[in-house]
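Chain A is the first sequence line, chain B the second, and so forth, proteins listed ahead of strands; every chain is numbered from 1.
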Number of protein chains: 2
Amino acid sequence: MSQTVDRALSILPLLAEGPANLEQVAGRLGVHKSTALRLLRTLHEHGMVYRQSDQRYRLGARLFALAQQAVENLDVREIAHPHLVELNEKCGHTVHLAVYEENEVLYIDKVESRYPVRMYSRIGKPVAITVAAVAKLLLADLPEPERRALAEKLDYPLYTSRSTPHAQAFLAELAKVREQGWATDLGGHEESINCVGAPVRGADGRLVAAMSVSAPNVVVTAEELLTLLPLVRRTADAISREYSGNTRVPDTQDQKEARP
Amino acid sequence: MSQTVDRALSILPLLAEGPANLEQVAGRLGVHKSTALRLLRTLHEHGMVYRQSDQRYRLGARLFALAQQAVENLDVREIAHPHLVELNEKCGHTVHLAVYEENEVLYIDKVESRYPVRMYSRIGKPVAITVAAVAKLLLADLPEPERRALAEKLDYPLYTSRSTPHAQAFLAELAKVREQGWATDLGGHEESINCVGAPVRGADGRLVAAMSVSAPNVVVTAEELLTLLPLVRRTADAISREYSGNTRVPDTQDQKEARP
DNA sequence: AGTTCTTGTTGCACTGTGTGCAACACCCAT
DNA sequence: ATGGGTGTTGCACACAGTGCAACAAGAACT
């Protein structure tokens, strides 16, 4: 909608791929060098980009700080965290918490496995949406037309032979997940890794997040992992209960400045 | 430099404090509602802000993803990580890695303590610059005028009775750190938490990062923690060596597309 | 040392983009 | 129904953003 801002923001993902110099930025934006320079300077003033010693630009520190503050404001995360830690202490595996937002599913919290073999994933990383257990749970909760539209639009990369191959299969899987109230990913993303997930619901019954436990085959088989399902569901339910209990007050809190 | 972009970017830190509606945003920016609306829409299109169900805006998912990609591009981090893990396995305490960037020091990696009592800190969070061991190390390496200028400009919050009280004391501390090649924070940020840190240097001898080990009093006393100093320094040196070895090649790599 | 590229920076005239206004649409309360 | 509180749309004006061309500063040659 706003050309200048649009261009400026387009620089960020571009730099996320790796550092770039002025000409490269100007080139990829399709604007004159001087224009790109002004945009970069503005971004720089706000700490969004950083100019390294070789004069090339890369993403700046403020970005981290912002992402940081943003994630701290998600109250589900705050409530869920101790539960995730507790679950991790009981079973020892990696525990994830994820939310859905505008056609993306992303991890907002993670407790690392106690076993030496760990998964590669990170808070803030978008999830493999067509296969991950948490993604299935979150998408299964979308209203039918939206779910359908999204499913049609997605890519279905074949990470492994057990990845969801196409929209039709995905929608069928979502229906199943919706029905049973939990989800799995059995080697759909990485051949040797399995996950079991359960939904976290708000007071209105809608999903606000999803959580999962993941472990590689070498540590426990898929069958063994599935025995954890009741524990996972109980944890998710505990979070749901606590989250729903918190029936929204904090908004006005920061305004109040009353004296005793 | 660019008014529109400047305004748009100013919205982000504002939303980082918490969700806000159109009027609040317009008000705090000092612009008309319609202007704020257009800016927010542009930010929205880029996934930088998200519109929650009550119509208020908050920071969006893309921000996480960007910060994520940004941190992955920092090659010190990649090299350092296994060393940090190893150090954590040896001593069990929380290990941090931090860099300096434009008047800020921020954590770029962290390995959690194995003990149940954990510190509150997070990757991406700006460090308490006047007291943290890693901050002292990084600032001590700045050229004298810059260091002085920064020290004068900083605030010196008294987190505890042992916090650095003012610029003069801070500069003296930095001189000491520079001299001895390592740094501590003994209860300067939180009464009961101590840290020992050591510098990571590039091929040119300049600091590229700093690392530290932190532990609360209840687990080990400050004296006991200091006995880890040689180990911490050895780890930092190992990272320095590996980092310097990597004498910059990767730049051209992504351009190449030659046939066999 | 001189010359030629390459890349970043500055000043300026033009116009296209962002601006604020006012009117409108909408929702929730009363 | 009626009112206040929001978010949204269309439009005329002007100023902020644009691209150009000329300049500066290095690096990489000969």
So, A:Arg51 and A:Tyr57: side-chain donor and acceptor under 3.5 Å apart, yes or no? yes
Does any N or O in the side chain of A:Arg58 come within less than 3.5 Å of the main-chain N or O of A:Gly18, such that one atom is a donor and the other an acceptor? no
Could you tell me if the side chain of B:Tyr100 sits less than 4.5 Å from the side chain of B:Leu139, heavy atoms only? yes
Produce a footprint string for nucleotides 24-30 of chain C: one letter per nucleotide, 5' end first; B if the base is under 4.0 Å from any protein heavy atom, S if only the sugar-phosphate is, - if neither. -------
Take atom CD of B:Glu102 as the centre, draw a 6.0 Å sphere, and report whether it contains more than 12 heavy atoms from other residues, nucleotides or ligands. yes
Protein within reach of the bases, or only the backbone? For nucleotides 5-20 of chain C, mark each nucleotide 5' to 3' as B, S or -, using heavy atoms under 4.0 Å. --SBBB------SSBB
List the atom pairs, donor and acceptor, that lie under 3.5 Å between side-chain atoms in residues 171-179 of chain A and the rest of the protein, sequence neighbours left out.
from, atom 1, to, atom 2, distance (Å)
A:Glu173, OE2, A:Lys136, NZ, 3.2
A:Arg178, NH1, A:Ala140, O, 2.6

Establish, from distance only, whether the side-chain atoms of A:Asn21 and A:Glu23 form a donor-acceptor pair under 3.5 Å. no
Flag the pair A:Ile239 / A:Leu84 as yes when at least one side-chain heavy-atom distance between them is below 4.5 Å, and no otherwise. yes
